Amino acid sequence: MAKQQQAIQAIRGMRDILPDQSPYWQWLEQNARQVLGSYGYQEIRLPIVEKTELFKRSIGEVTDIVEKEMYTFDDRNGDSLTLRPEGTAGCLRACLEHGLLHNQTHRLWYYGPMFRHERPQKGRYRQFYQLGVETYGMPGPDVDAEMILLTDRLWKKLGIRDKVELQLNSLGTSAERAAYREVLVEYFKQHVDVLDEDSLRRLETNPLRILDSKNPDMQFMLRDAPVLLEHLGEESLQHFNSLKSMLDELGISYQLNTRLVRGLDYYGKTVFEWVTDELGAQGTICAGGRYDGLIEQLGGKANHAIGFAMGMERILALVEQLDTVTLEPSVDVYLIRVGAAAETAGLLLSEQLRDQIDGLKLQVNCGGGSFKSQFKKADKSGAAFAIIIGDDEAQRGEAALKSLRIEQEQTTLSHAALLETLKTWHHNKSLA
Ligand code: ATP
Ligand code: MG
């Protein structure tokens with residue numbers, strides 16, 4: 001006798017999305033697509049694997065992602081490849097490769113899994129889903145404001161607007177950041193005694209990131225650290241001020257967060273995050289900013305770019321917590337059939353109904369069973385109606401219709417009458 005094999009489990013931090021959860025994902029995806037469409041954004045679909053070099057050159061060698069979070073491996077040719085940890089680099093790579101950035105503007109979005117080897121916890125996974133938006137060719141700040149408006153509209157649509165807050169900062173130009181960096185390092189050196197191990201390392205590699213530290217013992221020192229905004233030049237300030245006044249005029253409130261620096265090296269000028277305090281430490285649901293400099297870094301001509309990415313798991317966790325979404329059942333009509341003639345008649349009728357009623361969700365009972373057991377399955381399916389066909393109905397070319405959700409007599413109808421009844425019901429449902 002064969003020995004029972006041990007079951008294989010999924011990789012830690014990589015989750016299955018089961019059928020009871022997938023309707024929430026579809027609901028979120030549809031809403032996001034619809035909002036993006038209403039601003040004229042187009043979808044771009046990108047590979048999940050890229051050359052490792054792409055991420056090293058764009059995200060930066062001394063960031064958390066490249067230092068310790070990437071899934072990197074050699075393929076059979078010996079090339080170093082990486083499962084994408086984010087989408088900005090791949091999107092820009094594609095646009096440069098296909099010449100989309102010559103004297104053109106683009107408003108793009110992509111959606112899919114990203115991979116980071118982090119410690120799994122609530123709101124932090126090793127495979128997670130991002131919806132990313134990138135625009136090219138526009139210096140802003142008008143398009144910077146559009147990004148924020150678009151996300152604001154999505155939160156309203158999802159019913160989470162009053163649970164999230166917009167945080168805003170400007171990182172200026174790379175020259176301004178370089179000058180500020182010196183002032184900042186000078187300040188940190190006066191406080192080396194409070195810097196933790198991570199920060200001491202970053203002091204050499206990426207001191208701006210120290211500002212982002214959540215270590216409670218460092219907060220007091222960080223509060224008095226020099227502020228980048230105060231080191232910005234005329235042009236950067238003007239960009240930031242006009243973005244802020246657009247938001248003021250549009251009635252979009254924001255919190256100035258002078259310590260918002262973002263973990264990736266490529267950002268400059270506008271950066272923003274949408275945060276909630278309902279999800280514990282994993283409170284950022286959407287983050288982005290301007291990254292004009294990255295285009296040249298990846299071999300393109302000087303140009304403009306701004307984008308953001310949202311974490312789908314965190315948005316869904318927030319939605320779930322608020323419990324405001326009611327989903328439609330996945331089945332409208334369940335067809336019960338008992339007897340050899342009924343099996344065939346039921347199948348034929350179901351195909352006719354699908355032909356005639358576009359979008360009707362009709363499930364046919366398969367695998368036999370008594371009327372009673374099939375009714376149980378019908379009820380469990382969430383369907384509004386059961387169609388019942390026994391051999392009698394099959395012989396007479398009829399079918400019985402029973403409402404499963406409201407008290408109503410079961411009626412026996414001709415196929416034509418049944419079709420009309422369901423058509424009307426479905427039409428009214430679509431209008432509702
Ligand atoms: P964090 O500070 O939470 O690690 P991050 O700065 O690394 O976030 P980004 O690279 O800006 O995140 O990614 C944009 C968004 O993607 C985040 O705001 C978050 O909503 C989501 N996200 C990032 N990493 C993960 C992860 N490991 N699991 C789930 N969602 C994530
Ligand atoms: Mg991170």
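Keep in mind it's a predicted model, so treat the numbers as computed, not measured. Counting starts at 1 for both ligands and their atoms, in listed order.
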Please lay out, stage by stage, how Arg290 and Asp292 fare under the test salt bridge (Lys or Arg N to Asp or Glu O under 4.0 Å).
-> CA-CA 6 Å; Arg290 183 162 280 284; Asp292 295 350; 2.9 Å; yes
Steps toward salt bridge (Lys or Arg N to Asp or Glu O under 4.0 Å) verdict (Glu249, Lys244) = CA-CA 9 Å; Glu249 269 175 59; Lys244 285 190 297 179; over 6 Å; no
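In terms of heavy atoms, Arg84 sits closest to Pro113 at NE-O, 2.9 Å.
Proximity of Arg116 to ligand 1 is established by a heavy-atom distance of less than 4.0 Å. Contact analysis leaves Glu86 out of contact with ligand 1, as no non-hydrogen atom separation drops below 4.0 angstrom.
Glu234 CD: 12 or fewer foreign heavy atoms inside a 6.0 Å radius. In the displayed structure, Asp355 atom CG is contacted under 6.0 Å by more than 12 heavy atoms of other residues, nucleotides or ligands. At most 12 heavy atoms of other shown residues, nucleotides or ligands fall within 6.0 angstrom of atom NZ in Lys56.
The contact set between ligand 1 and Gly311, taken as ligand atoms under 4.0 Å from a residue heavy atom, comprises 16 (O), 20 (O), 21 (C). Annotation for ligand 1: atoms under 4.0 Å from non-hydrogen atoms of Gln130 are 13 (O), 14 (C), 15 (C), 16 (O). In summary, the atoms of ligand 1 found under 4.0 Å from a heavy atom of Ala287, numbered by their order in the structure, are 11 (O). Atoms of ligand 1 found under 4.0 Å from any heavy atom of Ile285 (numbered from 1 in listed order, with element): 20 (O). Counting the atoms of ligand 1 from 1 in the order shown, those under 4.0 Å from a heavy atom of Ala309 are 14 (C), 15 (C).
The heavy atom nearest to atom 2 (O) of ligand 1, considering only Gln282, Glu118, Arg124, is found in Arg124.
Just one of Lys269, Arg177, Glu176 meets the side chain to side chain donor-acceptor pair (under 3.5 Å) condition when paired with Ser236; it is Glu176.
Polar contact check, Arg314 against ligand 1: a nitrogen or oxygen pair lies under 3.5 Å apart.
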